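Note that the structure is a prediction, hence the values are computed from the model and not measured. Counting starts at 1 for both ligands and their atoms, in listed order.
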Amino acid sequence: MTSTKTIKEKQRLELSPLEVPQRLLLGPGPSNAHPAVLQAMSTTPLGHLDPAFLGIMDEIQSLLRYVWQTENEHTIAVSGTGTAAMEATLANVVECGDVVLIGVAGYFGNRLVDMAGRYGADVRTINKPWGQVFSLAEIRTALETHKPAILALVHAETSTGARQPLEEVGELCREHGTLLLVDTVTSLGGVRILLDEWGVDLAYSCSQKGLGCSPGASPFTMSSRAMEKLHNRKSKVANWYLDMLLLGKYWGEERTYHHTAPINLYYGLREALRLIAEEGIENSWQRHQKNVEYLWDSLESIGLKMHVDKQYRLPTLTTVCIPQGVDGKAVTKELLLDHNIEIGAGLGELAGKVWRVGLMGYNSRQESVDKLVAALETVINHSR
Ligand SMILES: *Cc1c(COP(=O)(O)O)cnc(C)c1O
């Protein structure tokens, strides 16, 4: 008699230890983690209240302040991916009925809209076609019209490859008594950010894009202005896991148990941040810029065009127009299966129109560009 049980039993005994294909991850994230980061992650775990581990947490905090260029006391890593840190920003400062103005020019702007609504915000939006950015004048008019408690913008819109300029936005927000919340998930580590100089009050990121770590430990920071709004809340933060008053007691002096930190991910994040500190943050920004310009030139040399205006293109993510007559999906599939290179497909308004190529963190190297462009040329010729 064969039952599903005996088949499973056979499978159980035949399973070999984990083996994964070696891929070059040049999509919208994750990017390949630096080998030193992978090594740090395979170190034996410490207890989450061990003084040695608490010391690592302190180092993560100072290193995060460095890469973000902020003095914010409340700068921590959230145990979860970028989306958890994103949710944390809104959960902590939004109270029912607060006007939250969101710049929507891509997929992640829409995600902020959905999240803010769930925390009871009175959500207003300004919109742009995917691939464009908001001008300072447009932002000023919207602040005057909506008088929001919070303005949320995506610095690096991963669905479009556009970089939203932030200079002077913080000043405008201060004139209107508005907190400035910024998504820096695809910019931290790879795109110039000066959080304090730009007057950003709340920001979040992830570990697996510009920082070159595995996903799961996500940078989060809030200014003293944002902290004040949190302290003055009439209602408790609706999300227990992401409540910064509780988390602040674990990351701060009290060291009160809140949750078990994903120890090995924090090791990885600490190593990834240390590598950036060793390189120098300005050098890391310059490296990303230099390599992406090389990518654009190389792609143009095989006849491809970019979707975003050059001055607003991201150093970390490029949207490449799929040429007429080329099957975009067939190309990404062949790149992955025959060349072990992952690139991303278009989302939303850009679905079927672009590929998304990431050069993030450890992967921002000339060698990655050379491998991709050579493979892409071969594969495109097949698919015509
Ligand atoms: C990737 C990304 C997120 C979500 O981060 P996860 O780590 O995937 O949860 C949020 N915002 C932007 C702009 C992103 O690119």
Side-chain angles (χ1 to χ4, degrees), residues 25-33 37 64 68 76-91 102-116 118 128 130-134 152-166 180-191 193 195 200 202-221 239 241-242 262 265-266 268-269 272 288 292 307-308 312-319 342-350 354-361 363-364:
L25 303 179
L26 300 181
S31 59
N32 294 85
V37 169
L64 284 176
W68 253 326
I76 67 166
V78 166
S79 304
T81 67
T83 307
M86 180 181 205
E87 184 135 7
T89 53
L90 293 164
I102 302 174
V104 180
Y107 176 89
F108 290 101
N110 280 324
R111 184 179 287 190
L112 280 164
V113 169
D114 188 355
M115 272 187 190
R118 290 170 191 238
K128 277 271 160 169
W130 290 32
Q132 294 182 24
V133 298
F134 299 95
L153 294 172
V154 180
H155 184 213
E157 187 40 272
T158 321
S159 60
T160 68
R163 177 186 53 81
Q164 172 63 53
L166 294 170
L180 177 58
L181 186 164
V182 178
D183 179 320
T184 69
V185 175
T186 293
S187 51
L188 189 62
V191 187
I193 310 181
L195 224 60
V200 177
L202 292 132
Y204 55 90
S205 191
C206 75
S207 43
Q208 76 275 15
K209 297 183 187 176
L211 300 183
C213 180
S214 276
S218 300
F220 172 97
T221 188
N239 188 317
Y241 188 61
L242 300 173
L265 277 170
Y266 283 22
L269 179 61
H288 282 80
V292 86
H307 173 68
V308 176
Y312 298 121
R313 277 183 214 158
L314 283 170
T316 41
L317 190 118
T318 300
T319 38
E342 178 178 275
I343 63 168
L347 282 179
E349 277 183 25
L350 298 178
V354 300
W355 292 301
R356 292 184 297 151
V357 177
L359 287 181
M360 301 178 184
N363 283 351
S364 173

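- Here the closest heavy-atom approach between residue Val104 and residue Phe134 is recorded as N-CZ, 3.6 Å.
- Partners of Thr186 by side chain to side chain donor-acceptor pair (under 3.5 Å), not counting sequence neighbours, listed by chain and number: Thr158.
- The 12-atom threshold is not exceeded at OH of Tyr312, counting heavy atoms of other residues, nucleotides or ligands nearer than 6.0 Å.
- Near ligand 1, Thr81, Gly82, Thr83, Phe108, Arg111, Ala156, Thr158, Asp183, Val185, Thr186, Cys206, Gln208, Lys209 each place a heavy atom less than 4.0 angstrom from the ligand.
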Which donor-acceptor pairs under 3.5 Å do side chains of residues 213-221 form with protein atoms, sequence neighbours excluded?
unit_1: Ser218; atom_1: OG; unit_2: Gly80; atom_2: O; d: 2.7
unit_1: Ser218; atom_1: OG; unit_2: Thr81; atom_2: O; d: 3.2
unit_1: Ser218; atom_1: OG; unit_2: Gly82; atom_2: N; d: 3.1
unit_1: Thr221; atom_1: OG1; unit_2: Asn72; atom_2: ND2; d: 3.0
unit_1: Thr221; atom_1: OG1; unit_2: His74; atom_2: O; d: 3.4
unit_1: Thr221; atom_1: OG1; unit_2: Thr75; atom_2: OG1; d: 2.8

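- Partners of His288 by ring pair (Phe, Tyr, Trp, His ring centres under 6.0 Å), not counting sequence neighbours: none found.
- For the pair Cys206 and Val185, the tightest heavy-atom approach, listed with the atom from each and the gap, is SG-CG1, 3.5 Å.
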